[in-house]
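When a ligand or atom number is given, it counts from 1 through the structure's own listing order.
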Amino acid sequence: MAEGRPSNRKVLVLPGDGIGPEIMGEVLRVVDFFEKRRIASFEVSEDVVGGAALDTLGTPIGEETMRRAMESDAVLFGAVGGPKWDALPFDKRPELGILRLRKEMDLFANLRPAVVFEALAEASSLKRELVAGLDLMIVRELTGGIYFGEPRGIETLPDGSRRGVNTEVYSEAEIERVLRVGFELARKRGRRLTEVDKANVMESGRLWREVAERVAKDYSDVTLNFMYADNCAMQLVRAPKQFDVVVTSNLFGDILSDCAAMLTGSLGMLPSASLGAPDASGRRRALYEPVHGSAPDIAGRGLANPLAAILSFAMMLRYSFDMSEEADLVELSVRRALKSGARTADLAAARGSPLSTRAMGERILSELEKAA
Ligand code: IPM
Ligand code: MG
């Protein structure tokens with residue numbers, strides 16, 4: 001393992017709102033475990049984001065927080081938003097905190113793996129045989145498309161009526177760089193890549209296909225196929241094991257990854273990594289977050305599943321710090337805890353009384369103890 005390496009891994013923790021602080025609390029206990037056992041050490045600092053930042057700083061993310069995020073080796077992010085801030089004007093929404101981090105850190109490649117843990121195949125909303133052994137990776141473009149395209153806004157027309165505008169824009173360079181991330185991943189996995197778009201109605205989708213065909217020439221060992229986004233949504237619930245790596249735009253990736261998440265038993269299981277381009281020294285900006293949101297309805301009650309956040313921490317070990325053995329250790333502990341019957345409420349369906357967030361964290365720690 002990476003014992004003895006210098007402890008210059010700067011990690012900024014942004015728990016955010018709702019269940020964010022609870023799940024991040026369990027991640028920090030895993031970090032503590034790594035420190036105490038001298039497996040790895042991190043320079044951890046914490047800050048506010050989203051509604052928590054609105055309440056204390058009057059903005060969804062402070063300038064100082066942005067600066068610290070830009071300087072960190074990795075950001076661990078919880079979740080943002082909640083009813084308390086729902087009525088705020090658009091430029092004050094908590095979600096702007098995460099959107100600004102993604103954009104300014106240039107985290108264009110969002111990796112959302114959907115893996116079905118053997119012990120959870122029954123918890124899926126689909127039949128066991130459709131999902132058992134599922135392991136697919138959605139690569140979502142994260143800094144372009146309709147989320148950021150101009151023009152945007154709500155405008156008043158001469159007759160006094162209003163119209164809302166958002167724009168899907170993608171340059172070839174934006175498409176190419178995210179596709180390359182997908183092809184590289186496919187190469188290390190099942191060597192199949194599905195590019196998903198709506199090229200039948202959108203010009204930007206046609207461009208995605210053209211660029212994909214061109215980039216594919218550099219990856220002759222990977223099989224490329226194309227799929228319309230609506231068909232992909234259907235195929236994900238019909239026969240999800242046909243997929244290896246899916247690469248798609250920001251909006252389609254947002255929607256399809258929630259769908260893929262549910263195949264794994266619960267949205268509470270899905271981690272993600274958002275990566276920038278590596279610089280000359282191989283260092284890349286990165287942010288890790290569970291795919292689920294702030295779940296205000298269950299916040300503060302110890303009901304949240306901390307596994308997506310803990311698995312996001314594992315992705316940080318793997319992708320930011322090249323600590324694949326340590327990442328394996330965390331993932332193994334999750335697998336073993338689930339196998340031994342550990343279930344939070346989102347997974348519990350008729351399996352006796354569910355574990356609290358903290359109790360699930362304990363189970364992971366005790367598996368780590370045994371395995372480390
Ligand atoms: C996600 C979320 C975000 C998104 C929200 C919170 C802005 O749904 O990460 O999938 O739409 O990207
Ligand atoms: Mg989403």
Checklist entry - Going by heavy atoms in the side chains, are Cys232 and Thr194 under 4.5 Å from each other? => result no
Item to check | Under 3.5 Å side-chain donor-acceptor pair for Trp85 and Asp55 | outcome: yes
Checklist entry - Out of the N/O/S atoms in Asp254, what is the name of the one closest to the Mg ion (ligand 2)? => result OD1
Item to check | Selection from Arg93, Glu289, Arg102 by shortest heavy-atom distance to atom 3 (C) of ligand 1 | outcome: Arg102
Checklist entry - What protein heavy atom is closest to atom 5 (C) of ligand 1, reported as residue, atom name and distance in Å? => result Glu95 CG, 4.3 Å
Checklist entry - CD/Glu118 to CZ/Arg335 distance, rounded to the nearest 0.5 angstrom? => result 10.0 Å
Checklist entry - Would a 4.5 Å heavy-atom cut-off, applied to side chains only, mark Pro296 and Lys84 as touching? => result no
Checklist entry - In ligand 1, which numbered atoms sit nearer than 4.0 Å to a non-hydrogen atom of Tyr147? => result 4 (C), 11 (O), 12 (O)
Item to check | Heavy-atom nearest neighbour in the protein, as seen from atom 8 (O) of ligand 1, with distance rounded to 0.1 Å | outcome: Asp254 OD1, 3.3 Å
Item to check | Check: Arg140 N/O within less than 3.5 Å of ligand 1 N/O | outcome: yes
Checklist entry - Quick one: does Arg112 get an N or O within less than 3.5 Å of an N or O on ligand 1? => result yes
Next on the checklist: The test is side chain to side chain contact (heavy atoms under 4.5 Å, CB included); show your working for Trp208 and Glu172 and say whether it passes.
Outcome noted: CA-CA 8 Å; Trp208 271 80; Glu172 287 188 277; over 6 Å; no
Checklist entry - What part of His292, side chain, backbone, both or neither, has a heavy atom within less than 4.0 angstrom of ligand 1? => result neither
Checklist entry - Do the ring centers of Phe148 and Tyr170 come within less than 6.0 Å of each other? => result no
Checklist entry - Does Val291 have a non-hydrogen atom less than 4.0 Å from ligand 1? => result no
Checklist entry - Does Val49 reach the side chain of Asp47, with side-chain heavy atoms less than 4.5 Å apart? => result no
